[in-house]
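Encoded as structure tokens, the structure appears first; notes follow it.
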Amino acid sequence: MRKKYVYFFDEGNAEMRDLLGGKGANLCEMTRIGLPVPPGFVISTEACIHYFENGKKFPEELWDQVMAALARVESETGKKFGDEERPLLVSVRSGAKVSMPGMMDTVLNLGLNDETVETLSRIAGNQRFAYDCYRRFMQMFGNVVMEVKKDLFEHALSDLKDKKGYKYDTELTPVDLRELVDTFKGIVKKESGQEFPSQPLKQLEMAIRAVFESWYNPRAITYRKINEIPETLGTAVNVQTMVFGNMGENSGTGVAFTRDPSTGEKKLYGEYLLNAQGEDVVAGIRTPQPLEKLKDELLEAYDKLAGIMDTLEQHYEDMQDLEFTIEEGKLYMLQTRVGKRTAAAALKIAVDMVEEGLIDKKTAVMRIDPSQLDQLLHPCIDPNADFQVLTKGLNASPGAAMGKVVFHADTAEEMGKAGEMVILVRWETTPDDIHGLVQSQGILTSHGGMTSHAAVVARGMGKPCVCGAEEVKIDYASKSCRVKDVVIREGDIITIDGTTGRVILGEVPLIPPMINEDFRRLLAWADEIRKLGVRANADTPEDAARSRDFEAEGIGLCRTEHMFMAEDRLPHVQAAILAKTDEERAEPLQKLLKMQKEDFAAILKAMNGLPVTIRLLDPPLHEFLPNLGDLRVEVAELKHRGASLEELAAKEELLANVRTLSEANPMLGLRGCRLGITRPDIYQMQVRAIFEAACDVVEEGYEPVVEVMIPLVGIDKELALLKESTEKVIHQVFEERGIRIGYKIGTMIELPRAALTADEIAKHAEFFSFGTNDLTQTTFGFSRDDAEGKFIPEYVELGILEKNPFEVLDTEGVGKLIDMAVKLSRQVRPDIKLGVCGEHGGEPKSIKFCHQVGLTYVSCSPFRVPLARLAAAQAVVEEEREVFIDK
Ligand code: ADP
Ligand code: MG
Ligand code: MG
């Protein structure tokens, strides 16, 4: 059977994007609903795929089908290829399923040669017009199809203008243009070794082949890689009758949007140029006019266009971006597609369209790209601003910030308190810098990764942060830094963009965050739809309050180690760790108990009535101790200085202590529940602090909902043991206070063994929270900080990994463990609560996975809560529709 490769515009429709490409499918759709589209046909993507699968040969049936379609175009237009009376000219346009800049440029005016140009000139009564078309055609065809460098044509054009003393292209006379055409022919001959083809059919065949070939041009390949477009799609080819916007002052061409793509406002929005062809509007040769003005110049065409824009919106039920051309007063439609828009516009359009009855709430929820929401929650750099990027680092915490550069936390604190905006620039930050971080607008470090101190703290505080900007060379002594050959001194202004990692010298206009009514309404619809709960990771009362603002349904992870890091606590923490006996340890622990209690009370109050999962201490102890190397230096210095024996002995003892505690591989060493078992008094103190705090707030009339989470369990007995000792403390407290409060005890699943034996572990756990950061590390055997810096980018480049598994959950491996643990645990405890508290809990694709495996909730940083609510709703709609939604 003969396969169909060619579709006349009335044989396709908008659903046929796979086969006809986006542009082709929509040209068909517009034709189908009776809009004025110049006749033409689409060569399917299957023809392109066939071409590459068969040694670059057209399918056998193709040419006959092209000829038949062409004959139909000729009969519909009354024009003929190469005709002496009424020559047909066409455009040849590429068009893949997804719009892809970087594909072949369009060839306009195909069909012109030395004879037809004369005919065209005669019919139009306009020699200048005809030769202008001809020279454009030679330029485009020469470049795109025959691969002659663009510059050569451009130079020939400007040489001619210089010679004649012209400033504008429009000054060229017909005689000049004729001369130019000859020059172009010469250029093509010389550069390609071939004559410029004069046969229209030959031109057409060459152009079709060139469109196919462009699928694999380097620009297109790169674009596909960046945007994850499959190589296998292939491109369609659109062949369409030319209409001329360059026939004089009652002709023109333009682009339009059915709503304002930056604000979403419902109004006609666009630009046009009179007496112009094709892409003159976007090329910036002349300044285009706002669409409104067309009303005064060509009223009839304007009214027609306004009507069509309305029709298109009603028909597609979405904002459209379209191309039109007016030939001697008559309007033609040349393209329509769903228009790109800013996050703010996307929200407004979605909400307005529900209001107008055009779409339903589910559709509205699907229209917003969750990762775009970030744009609305943080200040961001004005996309229209003009600036130069000095260097780039890691986009560690989203949002843009601007301020005076300072290099020391003390200076940041001082200036910040005085009301100045500062950006703290450090090689890396440590817990000692907290007071400066608090007072800064943003943080820039030249070292450290996505989990470095600066990154974690900044994300927690919701401050913009760029990390690991290695080109920034800091000299603390002179309070300056150098980036390439630019020197930045303390007090100089920089702007950092934590959403992209950009660092910019000087001020850049920022757009403030925008949580408006549209935002709230759309998220409320998402809440109606979603099944997955959304909680926040919050370690402080401020974070807890913010979580509530973003309507988190509880705290999924409250880490207690950040409380330990605070300046006023670290000495007690160190004393507790270094104490040699239980008695010695009791006093510092008592002090910590009091402080932790206050923290917990404040958080439980802020989250009144909502669950708060508090994780007992997780990191290895030496993280709280002075650095081993520093201590060695200090001891050496003391010796050198001849310090007192006592002083030296104390330091040496500290050194010895720290050395004993230091581990070859702390991530896999004495941490989490292992610490809880071998040093029981720390966990006991924490549990006591939690429940004394809970009792306190109950007495104040609050309703605390506590979940105690024990980290890093890999063996069920670990949890059994710790559960028992935890409950003992809890009951002691209840006893002492004469109060009883409901609570849950559960564990993190962050080791493969925990997932593999989840049924055993679930016997002792009322909830699981998948710690997907650690679970990813331990499943892959990657240490995140090393892996992200050293080889993951290369792995992604080589295609070994599709994505960085620390950003997007590895559903095949880590996800399989999660799925297994879900099933195993529900076998023994059907009502077990299952959550995710790794960073994946705030990443749309990972959230969809969490929905699919049936988790109870995801927990993410407060600022990502809105994104998670939206993504969780989309997961439901996608499941219902069972379709893959294009990005
Ligand atoms: P792109 O995908 O780069 O926009 P197009 O194929 O849409 O490329 O075409 C480029 C320009 O040429 C657009 O301005 C389009 O409107 C114009 N154009 C394409 N085909 C025709 C035609 N048959 N008649 C007049 N103008 C055309
Ligand atoms: Mg276009
Ligand atoms: Mg962990």
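No experiment lies behind these values; they were computed from the predicted model shown. Atoms within a ligand are numbered from 1 in the order they appear, just like the ligands themselves.
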Can Lys167 and Asp162 be counted as an ion pair, charged N to O under 4.0 angstrom? no
May I ask you to check whether over 12 heavy atoms, not counting those of Glu84, lie within 6.0 Å of atom CD? no
Could you verify whether a donor N or O on one side chain and an acceptor N or O on the other, from Tyr131 and Asp176, lie under 3.5 Å apart? no
Tell me whether the Mg ion (ligand 2) has Thr106 as a neighbour, meaning an N, O or S atom of it below 2.8 Å. no
Which ligand 1 atoms are under 4.0 Å away from a heavy-atom of Gln335? 4 (O), 7 (O)
Check ion pair Glu228-Lys845 (N to O, under 4.0 angstrom): yes
Can you check whether Thr106 has an N/O within less than 3.5 Å of an N/O in ligand 1? yes
What do you reckon, does Leu334 have a nitrogen or oxygen under 3.5 Å from a nitrogen or oxygen of ligand 1? no
Output yes when Glu179 and Lys163 qualify as a salt bridge under the 4.0 Å nitrogen-oxygen rule, no when they do not. yes
Out of Asn109, Asn238, Thr241, Val92, the nearest non-hydrogen contact to atom 23 (N) of ligand 1 is supplied by Thr241
Taking the Mg ion (ligand 2) as the reference point, name the nearest N/O/S atom of Glu323. OE2
Flag Thr253 as yes when one of its N or O atoms lies below 3.5 Å from any N or O atom of ligand 1, and as no otherwise. no
At their closest point, which heavy atom of Phe212 faces which heavy atom of Thr235, and how far apart are they? CE2-O, 4.2 Å
Taking only heavy atoms of Val243 into account, list the atoms of ligand 1 that are under 4.0 Å away from them. 24 (N), 25 (C)
If you measure every N or O of Glu323 against every N or O of ligand 1, does any of those distances drop under 3.5 Å? yes
Answer yes if the side chains of Asn109 and Gln277 hold a donor-acceptor pair under 3.5 Å, and no otherwise. yes
Under 4.0 angstrom from ligand 1, any heavy atom of Lys23? yes
Considering only heavy atoms of Leu108, which atoms of ligand 1 have at least one such atom less than 4.0 Å away? 12 (O), 18 (N), 19 (C), 20 (N), 21 (C), 27 (C)
Of all the heavy-atom pairs spanning Gln874 and Ile368, show the shortest one and how long it is. NE2-O, 2.7 Å
